[in-house]
Colleague: 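Quick one: the structure is below, questions incoming.
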Amino acid sequence: MEPTREQKIWQVISAIPHGKVVSYGQVSDMAGLGRQARFVGRVLGMLPEDHTLPWFRVIRSNGQIAFPKDSSTFKRQVDLLSEEGVEVVNGRVSMARFGWQP
DNA sequence: AGTGTGACACCGA
DNA sequence: CTCGGTGCCACAC
């Protein structure tokens with residue numbers, strides 16, 4: 001059967017290189033879905049427990065994390081991002097730039 | 001079938 | 001920077 005939108009989303013996210021962060025819009029665009037950023041977020045929320053997908057590399061277009069600071073999910077994402085070499089300050093990615101080049 | 005909501009994005013003021 | 005409106009898709013009631 002053909003790849004569903006979810007499959008495309010997973011494919012794109014799994015293709016995100018180490019130390020790189022992308023926005024929902026970027027993912028939707030790379031998946032060929034266009035402006036369906038909402039769908040990306042919904043798919044991530046549906047991820048199974050055995051997912052090995054770098055969802056933490058997916059942030060908002062303005063470089064902000066898609067979770068409240070007091071959320072364990074947020075802290076988990078920040079921790080994982082810092083491991084990737086991405087600095088997160090005040091709930092947003094420092095110097096974010098999605099393809100940035102220092 | 002219509003309304004409200006959501007891990008969103010873009011535009012204008 | 002913040003606020004409001006609009007577009008897109010899927011789901012719950």
Side-chain angles (χ1 to χ4, degrees):
Chain A
M1 61 183 252
E2 350 181 313
T4 61
R5 298 186 185 82
E6 293 90 324
Q7 287 290 333
K8 293 178 182 174
I9 301 291
W10 300 332
Q11 181 66 59
V12 172
I13 296 177
S14 63
I16 302 174
H18 173 268
K20 171 86 171 280
V21 292
V22 296
S23 64
Y24 293 90
Q26 287 290 114
V27 175
S28 60
D29 183 45
M30 285 188 266
L33 302 178
R35 288 287 195 290
Q36 272 74 344
R38 248 176 166 142
F39 197 67
V40 178
R42 214 180 65 75
V43 170
L44 294 181
M46 280 177 117
L47 282 175
E49 307 173 359
D50 51 347
H51 70 66
T52 172
L53 210 58
W55 59 271
F56 50 85
R57 289 183 191 148
V58 184
I59 58 179
R60 293 196 184 186
S61 60
N62 66 338
Q64 188 168 358
I65 302 293
F67 287 106
K69 174 194 86 63
D70 50 342
S71 229
S72 58
T73 324
F74 173 88
K75 303 207 310 185
R76 195 148 38 226
Q77 182 164 14
V78 173
D79 185 53
L80 291 165
L81 287 175
S82 55
E83 292 283 297
E84 303 288 288
V86 179
E87 303 286 313
V88 179
V89 179
N90 193 13
R92 70 184 99 166
V93 177
S94 177
M95 300 181 189
R97 288 356 162 143
F98 311 75
W100 89 127
Q101 203 50 223

Colleague: If I take atom CZ from residue A/Arg42 and atom OH from residue A/Tyr24, how far apart are they, to the nearest 0.5 angstrom?
Modeller: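 It comes to 13.5 Å.
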Colleague: Does any non-hydrogen side-chain atom of A/Thr73 lie less than 4.5 Å from one of A/Trp55?
Modeller: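 Heavy-atom side-chain distance check passes, below 4.5 Å.
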Colleague: Strictly distance-based, threshold 3.5 Å: is any side-chain N or O of A/Arg57 a donor or acceptor partner for the main-chain N or O of A/Ile16?
Modeller: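 Confirmed, A/Arg57 side chain pairs with A/Ile16 backbone.
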Colleague: Considering only the C1' atoms, how many Å lie between C/dC8 and B/dG6, rounded to the nearest integer?
Modeller: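 C/dC8 and B/dG6 have their C1' atoms separated by 12 Å.
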Colleague: Is any side-chain N or O of A/Gln36 closer than 4.0 Å to OP1 or OP2 of C/dC9?
Modeller: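 For A/Gln36, the contact criterion (side-chain N or O under 4.0 Å from OP1 or OP2 of C/dC9) is met.
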Colleague: Is a donor on one side and an acceptor on the other found under 3.5 Å between the side chain of A/Ser28 and the backbone of A/Gly34?
Modeller: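 Such a contact is found between A/Ser28 side chain and A/Gly34 backbone.
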Colleague: Over how many whole Å does the gap from A/Arg38 atom CZ to C/dC8 atom P extend?
Modeller: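 About 12 Å, once rounded to whole Å.
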Colleague: Between B/dA7 and C/dG7, how many Å separate the two P atoms, rounded to a whole number?
Modeller: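 22 Å, rounded to whole Å.
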Colleague: Among A/Gln64, A/Gln77, A/Gln26, which residue meets the side-chain contact (heavy atoms from CB on, under 4.5 Å) test with A/Ile59?
Modeller: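 When A/Gln64, A/Gln77, A/Gln26 are each tested with A/Ile59, the side-chain contact (heavy atoms from CB on, under 4.5 Å) holds only for A/Gln77.
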Colleague: Nearest heavy atom decides the nucleotide; on that basis, is A/Arg35 or A/Arg92 closer to the 5' end of DNA chain C?
Modeller: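 Comparing both residues, the 5'-ward one is A/Arg92.
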Colleague: Are the side chains of A/Val43 and A/Trp10 in contact, using a 4.5 Å heavy-atom criterion?
Modeller: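 In short, these two side chains touch, coming nearer than 4.5 Å.
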Colleague: What does A/Tyr24 touch in the nucleic acid at a heavy-atom separation under 4.0 angstrom: a base, only the sugar-phosphate, or nothing?
Modeller: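 A/Tyr24: base contact, heavy atoms under 4.0 Å.
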Colleague: Taking any atom under 4.0 angstrom from a heavy atom of chain A, which nucleotides of DNA chain B are the first and last to qualify, 5' to 3'?
Modeller: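 Contact boundaries, 5' end first: B/dG6 to B/dC10.
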